[in-house]
Participant: 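Next up is a structure, given as structure tokens.
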Amino acid sequence: MALDYAKCAAEIWATLGGKDNVATAAHCATRLRLAIVDIDKVDLKALENVEGVQGVFSSNGQLQAIIGTGTVNHVYDEFLKVSGLTAATKDDVKAAAAASQPLPKRMVKTLGDVFVPILPAIVASGLMMGIVEALGKAIPGFAATPW
């Protein structure tokens with residue numbers, strides 16, 4: 001028997017704690033992504049037991065319900081009808097979820113956003129320094145070179 005998309009969307013909506021608790025919604029290939037205002041208002045146990053939902057997890061103010069490839073598109077369309085929300089992108093959900101985070105978490109995330117992209121360069125330079133040092137110890141003549 002095929003999944004009743006409208007029923008699934010309505011049951012998901014019923015577990016989220018009301019319209020004021022959902023900032024925005026989007027979906028990716030397999031997941032319904034929701035920016036939640038107060039995760040404590042969400043009935044996670046009931047959400048996990050909704051037919052069609054294969055798993056649920058929450059991270060950084062974003063609630064993700066795993067629904068599955070192909071199915072999530074239909075459930076998302078029905079979810080928008082039930083909730084009255086407008087379609088959004090994954091970036092919109094990430095931004096809404098980030099905006100609801102406390103200031104210290106946002107500051108740490110900003111620091112991470114700055115340093116994570118340069119980590120490969122730092123690691124590579126450390127490796128190169130180690131190789132040059134090892135070559136200098138193994139080949140004494142190499143230590144006299146500009147390297």
Participant: Is there a side-chain contact between Thr71 and Leu3, using heavy atoms and a 4.5 Å cut-off?
Facilitator: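 Yes, their side chains come closer than 4.5 Å.
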
Participant: So, do Val42 and Ile36 sit near enough that their side-chain heavy atoms are less than 4.5 Å apart?
Facilitator: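 Val42 reaches Ile36 side chain to side chain.
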
Participant: Quick one: are Val93 and Gln62 in side-chain contact, heavy atoms under 4.5 Å?
Facilitator: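 Yes, their side chains come closer than 4.5 Å.
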
Participant: Once you round to the nearest 0.5 Å, how far does CD of Gln64 lie from CZ of Arg33?
Facilitator: 4.0 Å

Participant: Are Met129 and Glu133 close enough, and set up right, to give a side-chain contact (heavy atoms from CB on, under 4.5 Å), and what steps lead you there?
Facilitator: CA-CA 6 Å; Met129 287 174 59; Glu133 186 69 25; over 6 Å; no

Participant: Verify the cluster assignment for Leu80 and Val82: are they in a single hydrophobic cluster under the rule of side-chain heavy atoms below 4.5 Å apart?
Facilitator: yes

Participant: Would you say that more than 12 heavy atoms from the other residues, nucleotides or ligands in this model lie under 6.0 Å from the CD of Gln54, or not?
Facilitator: yes

Participant: Identify the two heavy atoms, one from Val72 and one from Cys28, that lie closest to each other, and give their separation to 0.1 Å.
Facilitator: CG1-O, 3.5 Å

Participant: With a 4.5 Å heavy-atom cut-off, do Leu44 and Leu63 have their side chains touching?
Facilitator: yes

Participant: For the pair Tyr5 and His74, name the ring-plane relationship: parallel under 30°, tilted 30 to 60°, perpendicular over 60°.
Facilitator: parallel

Participant: Of all the heavy-atom pairs spanning Ala88 and Ala26, show the shortest one and how long it is.
Facilitator: O-CB, 3.3 Å

Participant: Rounded to the nearest 0.5 Å, what separation is found between the CG atom of Asp43 and the CD atom of Glu48?
Facilitator: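 Spacing of CG (Asp43) from CD (Glu48) equals 9.5 Å.
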
Participant: To the nearest 0.5 Å, how far apart are CD in Glu78 and CG in Asn73?
Facilitator: 12.0 Å

Participant: Determine whether Val114 and Ile118 fall in the same hydrophobic cluster, where Ile, Leu, Val, Met, Phe, Trp and Tyr are linked whenever their side-chain heavy atoms lie under 4.5 Å apart.
Facilitator: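 In one cluster with Val114: Ile118, yes.
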
Participant: Once you round to the nearest 0.5 Å, how far does NZ of Lys90 lie from CZ of Arg31?
Facilitator: 9.5 Å

Participant: Indicate yes or no: at least one non-hydrogen side-chain atom of Leu16 is less than 4.5 angstrom from one of Leu34.
Facilitator: yes

Participant: Could you tell me if the side chain of Leu32 sits less than 4.5 Å from the side chain of Ile12, heavy atoms only?
Facilitator: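 They are in contact (side-chain heavy atoms under 4.5 Å apart), so the answer is yes.
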
Participant: Can you tell me if Asp113 uses its side chain to pair, donor with acceptor, with the backbone of Thr110 under 3.5 Å?
Facilitator: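 Side chain of Asp113 to backbone of Thr110: no pair is present.
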
Participant: Looking at Phe79, is its backbone amide N or carbonyl O close enough to the side chain of Ser83 to form a donor-acceptor pair, meaning the two atoms are under 3.5 Å apart?
Facilitator: yes

Participant: Rounded at 0.5 Å granularity, tell me how far CG in Leu127 sits from CD1 in Ile122.
Facilitator: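 If I round to the nearest 0.5 Å, the distance is 12.5 Å.
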
Participant: Any sub-3.5 Å donor-acceptor pair from Lys41's side-chain atoms to Asn21's backbone N or O?
Facilitator: no

Participant: Taking the side chain as every heavy atom from C-beta outward, state whether Ile66 and Phe57 have any pair of such atoms under 4.5 Å apart.
Facilitator: yes

Participant: Grab the two heavy atoms, one from Ala9 and one from Val75, that are nearest each other, plus how far apart they are.
Facilitator: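 Shortest heavy-atom separation between Ala9 and Val75 comes out as CB-O, 3.7 Å.
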
Participant: Grouping I, L, V, M, F, W and Y whenever their side-chain heavy atoms are under 4.5 Å apart, do Leu85 and Leu47 come out in a common cluster?
Facilitator: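 Same hydrophobic cluster.
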
Participant: Is there side-chain contact between Val50 and Cys8, with at least one heavy-atom pair below 4.5 Å?
Facilitator: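 Val50 vs Cys8: side chains touch.
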
Participant: Should the heavy atoms of other residues, nucleotides or ligands under 6.0 Å from NZ of Lys45 be counted, would the total exceed 12?
Facilitator: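 No, not enclosed.
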
